[in-house]
Amino acid sequence: MNACGLPARGEPTSNVPNDSTILMIASEATPFAKTGGLADVIGALSATLAARGERVAVLMPRYRGMSVRGMPLDYQDLRVWLGPASYTSNVHRAVERNVTYYLVDCPTLYDREGLYGNTAGDYPDNHIRFAVLSRVALTLVRHVVRPAVIHCHDWQAALVPIYLRTMFASDPTFMGIPVVLTIHNLGYQGLFPREALGELGLDNRLFTPDCLEFFDKVNLLKGGILASDAVTTVSPTYAREIQTPELGFGLDGVLRVRGDAVTGILNGVDYTQWDPAADTRIAARYSVNDLGGKRAAKADLLAAFGLPPDLDRPVIGMVSRLAGQKGFDLIEEAAEELMAEDVAFVVLGIGDPKYQTLLEALRAAHPEKAGVRIAYDDVLAHKIEAGADMFLMPSLYEPCGLNQIYSLRYGTVPIVRATGGLDDTIDGGTGFKFVEYTGEALMSAVRAALEAYRDRERWTAMMTAGMRKDFSWAASAARYAGLYRRLSGGAA
Ligand code: ADP
């Protein structure tokens, strides 16, 4: 045991051959399955690394609705034991943008209504579901890929480094393969009752505060943070914020202990998907050199929401998971003041029923001004990015945030709370920021934006300044590649 309560991993006795693959393990990735930004990041980061000439593989579950027709079966009847239970999977291989995807097909675990839960809440066996994913990953490393580095994403993959420091600590197969853990959102930690340890095949002795215990629960992300060789998160500001009690979600102390290993690498944007010059989901194409199409996109958006076709009235848009993190309490606080302004407000989102009710009530009270769609709808998300004049993200915290960066490219001026990646990506020349987490601060930023909107010249200058910003993945992928190379001693 060392300071963190987990055993150290064995060192390789000789140079272990590898095929320099970067093996990512994640719970979602575009184009296969998506509930949020994580999927966009996995899809785009892996493709960008591949475009740089890296060999990249991504392992994820095969969820309901994901077809594996015509995909080769790379591993049949792969059985993993977790304590007394065993689970059998088939692993299919797909290639997407030069990235190899391993899709783990275990219908009893993954062929379900939602990725993580259903209307009744999170699935109670999520620890088992993602432990199996992690163990399948390690079986593939034993038999199919020899990665130079393993890159795990969020708590769902945090068991990989934990297993490598426990049941496989002295297994030569895995020695010398560094593990990177990326935290996409510290608000989701993988908390389970104490009994989960045995179900995961882990020793009860790991249930201590310097290891996996967290206020009488098992915390998988905490274990992952302690057990990985490097920990990254998705913006430099968020990397600092999570080491403070305010935004550390109880893990700030653990993150400070690992402080030297914690870095922030800003997410990029996949401009093959999010660019108004090529976007076929919107009514008309436009670009920084020819903004004409944006008006047609606005008319189309207003029609989609059944709002009056008033093209001179500013439209404020939101596309978001309906979760407390995203600042809907501020929307509630400021709703009536916002509706008193000469604006249209359109929201696309799904999630917490409390916020769904709030938004539905707002629409019912202001049918001429508020448009609400409770759904997950990729096409409508693009239409909002293109057709709105302003994009609102009043998040309580935001690890990186993608929509505000998409908005920049669509000439849709962001109004954001200055936190995490929102603070890192928006400046006074491209958007409006507020600091205090209050409805009042939000409204003063909105009013500043509305005032700027009335000055067409100033507004167009802001739109075009945002459209010219380049947040493509190339720079961020290069930083990940540098990290892999440092950790693997040049093997990656
Ligand atoms: P998070 O990952 O916290 O949800 P991000 O801003 O990083 O937030 O990423 C959100 C991604 O999910 C964006 O691509 C956004 O367009 C998409 N998204 C969120 N909610 C919806 C929805 N209801 N319909 C369509 N796309 C959505």
Side-chain angles (χ1 to χ4, degrees), residues 26-45 114-116 153-156 182-188 233-235 237-238 242 247 249 264-276 279 281-282 301 304-305 317-328 346-353 355-356 359-360 371-388 391-410 412 414-417 419-426 431 471 473 476:
S27 57
E28 52 183 272
T30 49
F32 296 102
K34 167 170 166 176
T35 66
L38 171 66
D40 290 347
V41 171
I42 303 300
L45 170 60
L115 267 56
Y116 310 115
H153 296 270
D154 278 349
W155 73 262
Q156 289 90 346
T182 294
I183 301 170
H184 296 263
N185 190 333
L186 192 62
Y188 301 86
T233 187
V234 291
S235 69
T237 294
Y238 195 59
I242 57 176
L247 289 177
F249 284 96
I265 301 178
L266 195 69
N267 283 337
V269 163
D270 187 349
Y271 290 120
T272 66
Q273 298 301 309
W274 297 95
D275 181 0
D279 194 337
R281 302 167 183 94
I282 61 178
L301 174 66
F305 277 96
M318 281 185 87
V319 178
S320 178
R321 287 185 294 114
L322 301 184
Q325 174 209 335
K326 298 295 183 179
F328 287 97
V346 298
V347 187
L348 166 66
I350 189 160
D352 192 333
Y355 299 123
Q356 292 183 185
L359 293 168
E360 297 280 20
V372 172
R373 187 74 50 86
I374 304 298
Y376 188 91
D377 184 337
D378 186 54
V379 172
L380 193 56
H382 284 254
K383 284 180 188 288
I384 293 176
E385 287 293 358
F391 197 93
L392 183 59
M393 285 182 81
S395 305
L396 175 61
Y397 70 94
E398 194 60 72
C400 176
L402 291 172
N403 281 299
Q404 83 281 11
I405 315 180
Y406 302 156
S407 300
L408 290 176
R409 181 53 61 102
Y410 282 79
T412 302
I415 304 170
V416 304
R417 180 153 177 270
T419 182
L422 296 174
D423 203 16
D424 286 340
T425 52
I426 305 302
F471 287 96
W473 265 103
S476 303

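Along the sequence shown, residues carry numbers from 1. Counting starts at 1 for both ligands and their atoms, following the listed order.
- Thr237 contributes no side-chain N or O that, together with a main-chain N or O of Gly421, makes up a donor-acceptor pair within less than 3.5 Å.
- Scanning all protein heavy atoms for the shortest distance to atom 12 (O) of ligand 1 gives Lys34 CE, 3.7 Å.
- For the pair Asn403 and ligand 1, a heavy-atom separation below 4.0 Å is found.
- Judged by distance alone, the side chain of Glu28 and the main-chain N or O of Thr35 form a donor-acceptor pair under 3.5 Å.
- Closest to atom 8 (O) of ligand 1 by heavy atom, among Gln404, Lys326, Glu398, is Lys326.
- Judged purely by atom type and a 3.5 angstrom limit, Gln404 uses its side chain to pair as donor or acceptor with the backbone of Cys400.
- Here the shortest heavy-atom distance to atom 18 (N) of ligand 1, taken over Trp274, Tyr188, Tyr376, belongs to Tyr376.
- The shortest N/O to N/O separation between Arg321 and ligand 1 falls below 3.5 Å.
- For Cys400, the closest heavy-atom approach to ligand 1 does not fall below 4.0 Å.
- Proximity of a side-chain donor or acceptor of Asn267 to a complementary backbone N or O of Val234 within less than 3.5 Å is not detected.
- Looking at ligand 1, you'll find an N or O of Ala375 within less than 3.5 Å of one of its N or O atoms.
- No donor-acceptor pair closer than 3.5 Å links the side chain of Ser320 to the backbone N or O of Gly349.
- At a 3.5 angstrom cut-off on N or O pairs, Gly37 counts as close to ligand 1.
- Applying side chain to side chain contact (heavy atoms under 4.5 Å, CB included) to Pro399 and the options Leu422, Asn185, Leu247 leaves one that passes, Asn185.
- Centroid-to-centroid, the aromatic rings of Tyr116 and Tyr188 stay 6.0 Å apart or farther.
- Between Leu402 and ligand 1, at least one pair of N/O atoms sits closer than 3.5 Å.
- Looking at atom 20 (N) of ligand 1, its nearest protein heavy atom turns out to be Ser320 C, 3.6 Å.
- Of all atoms in ligand 1, listed by their number and element, those nearer than 4.0 Å to a heavy atom of Asp40 are 13 (C), 14 (O).
- Residue Asp377 has at least one N or O atom closer than 3.5 Å to an N or O atom of ligand 1.
- Each of the atoms 6 (O), 7 (O) of ligand 1 lies under 4.0 Å from some heavy atom of Gly401.
- Classified by interplanar angle (parallel below 30°, tilted 30° to 60°, perpendicular above 60°), the ring pair Trp274/Tyr410 is perpendicular.
- Arg417 places a side-chain N or O within donor-acceptor distance of the main-chain N or O of Leu396, the cut-off being under 3.5 Å.
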